[in-house]
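One structure is given here, and the rest of the page talks about it.
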Amino acid sequence: MTALLEVEDLKVAYGKIEAVKGISFTVEEGQVVTLIGTNGAGKTTTLRTLSGLLKPLSGRISFNGQPLNGIPAHKIVAMGLAHSPEGRRIFPRLSIMENLQLGAFLRKDTAGIEKDLQRAYDLFPILGERRKQAAGTLSGGEQQMLAMGRALMSQPKLLMLDEPSMGLSPIMMQKIMSTIVELKSQGTTILLVEQNAQAALSLADQGHVMEVGSIVLSGTGQDLMTDESVRKAYLGED
Ligand code: ATP
């Protein structure tokens, strides 16, 4: 069986700066796969390239059996790859409901969209309670929920989450992480980028450690959590 996402020897550069230096990994259907690593490791660059927002220097990306190289971002969304970006990027003046509906802009099945709106409100009740309110009035954690909900509105085969725990209180972070577990149990495949290695590895089937543009270590979430070098570098242990 081929993987849902296959990345092979991917290189991405900003001018002369090579931010991703030939990485390879796969995401199987139904899995949660995480990329962890410190600031500047190239995690966000990888996700932005998979979404079609950046053009790779070289390498091969295949999604659901089709090559993604050279395909524009909106077509990639239509193929089933959704991205909840770092820093949330919600539309602050639009209502919460309008933000969610924008996630479904490529869909025409009104009844299905309505059902998925309800699903977003079930996952995150606060979004339902405040559906008519301007999204800019939400707290940081709530905006993160909205960004995730919006990405889900495109009915993705693969959901990419860039640092969903960034800047959140421990309680909010717990909520986001338990939502990821819930989405997985509903069959959503997830590629999760996180600086919070502990949280990400504890729920990931597979993890990859990135350092200055390369994957330096790969394994199951459990294996990486117990790996001594990972514990020292990323889990804050001596
Ligand atoms: P963070 O967690 O801080 O977002 P990251 O692992 O996601 O880190 P990237 O944002 O992918 O890392 O950055 C990888 C490298 O590329 C860094 O050295 C960064 O400074 C550089 N970089 C990122 N965006 C640009 C840009 N628009 N122009 C030039 N260099 C960039």
Side-chain angles (χ1 to χ4, degrees), residues 5-27 32-61 63 68-70 72-73 76 81-90 140-141 143-148 150-151 156 158-170 172-173 176-177 180 190-204 206-219 221 224-225 227 229-236:
L5 177 73
E6 291 181 304
V7 176
E8 215 179 289
D9 204 15
L10 181 71
K11 293 186 184 162
V12 192
Y14 300 99
K16 287 195 177 130
I17 305 166
E18 206 170 299
V20 174
K21 301 175 180 169
I23 62 168
S24 302
F25 66 95
T26 59
V27 180
V32 174
V33 174
T34 187
L35 303 178
I36 60 168
T38 48
N39 287 115
K43 307 178 300 295
T44 297
T45 303
T46 302
L47 292 197
R48 290 177 59 80
T49 307
L50 295 175
S51 299
L53 300 170
L54 293 171
K55 208 168 153 318
L57 261 187
S58 63
R60 202 178 63 85
I61 306 167
F63 178 64
L68 285 192
N69 299 54
I76 291 179
L81 205 160
H83 186 176
S84 176
E86 192 178 21
R88 295 150 202 151
R89 304 197 190 212
I90 55 136
Q143 289 186 23
Q144 185 57 59
M145 294 173 190
L146 179 56
M148 276 174 77
R150 186 181 57 188
L158 175 65
L159 174 65
M160 300 198 297
L161 301 171
D162 196 350
E163 304 227 8
S165 80
M166 189 167 60
L168 300 191
S169 67
M172 279 291 189
M173 196 189 86
I176 295 287
M177 292 299 156
I180 293 174
I190 295 170
L191 178 57
L192 170 67
V193 157
E194 260 298 336
Q195 280 203 44
N196 187 327
Q198 176 83 47
L201 292 176
S202 66
L203 52 81
Q206 283 290 319
H208 305 280
V209 181
M210 284 189 79
E211 276 175 18
V212 285
S214 301
I215 291 179
V216 293
L217 195 62
S218 301
L224 292 179
M225 257 204 302
D227 181 279
S229 62
V230 173
R231 297 184 75 85
K232 277 191 182 151
Y234 300 103
L235 305 179

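When a ligand or atom number is given, it counts from 1 through the structure's own listing order. Just the heavy atoms: all of them, side chains too, but no hydrogens, waters or symmetry mates, feed the values below.
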Heavy-atom closest pair, residues Met225 and Ser202: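 It is CE-CA, 3.6 Å.
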
Any side-chain heavy-atom pair from Thr49 and Val20 closer than 4.5 angstrom?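 The answer is no; the side chains never approach within 4.5 Å.
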
Once salt bridge (charged side-chain N to carboxylate O under 4.0 Å, His left out) is applied, do any residues pair with Glu8, and if so which ones, sequence neighbours excluded?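 If we apply the salt bridge (charged side-chain N to carboxylate O under 4.0 Å, His left out) test to Glu8, skipping adjacent residues, the hits are Arg60.
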
CE of Met160 to OG1 of Thr44: how many Å apart, nearest 0.5 Å?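 Going from CE on Met160 over to OG1 on Thr44, the span is 10.5 Å.
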
Could you check whether any side-chain N or O of Ser218 sits under 3.5 Å from a backbone N or O of His208, counting only pairs where one atom can act as donor and the other as acceptor?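 Between the backbone of His208 and the side chain of Ser218 there is no qualifying donor-acceptor contact (under 3.5 Å).
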
Is Asn69 reaching over with its side chain to a backbone N or O of Gly59, donor-acceptor style, under 3.5 angstrom?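 Flag set: sc Asn69 to bb Gly59 pair under 3.5 Å.
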
Within the 4.0 Å heavy-atom sphere of ligand 1, strictly under, residues: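 Ligand 1 is contacted, at a heavy-atom distance under 4.0 Å, by Tyr14, Ala19, Thr38, Asn39, Gly40, Ala41, Gly42, Lys43, Thr44, Thr45, Glu86, Glu163, Gln195.
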
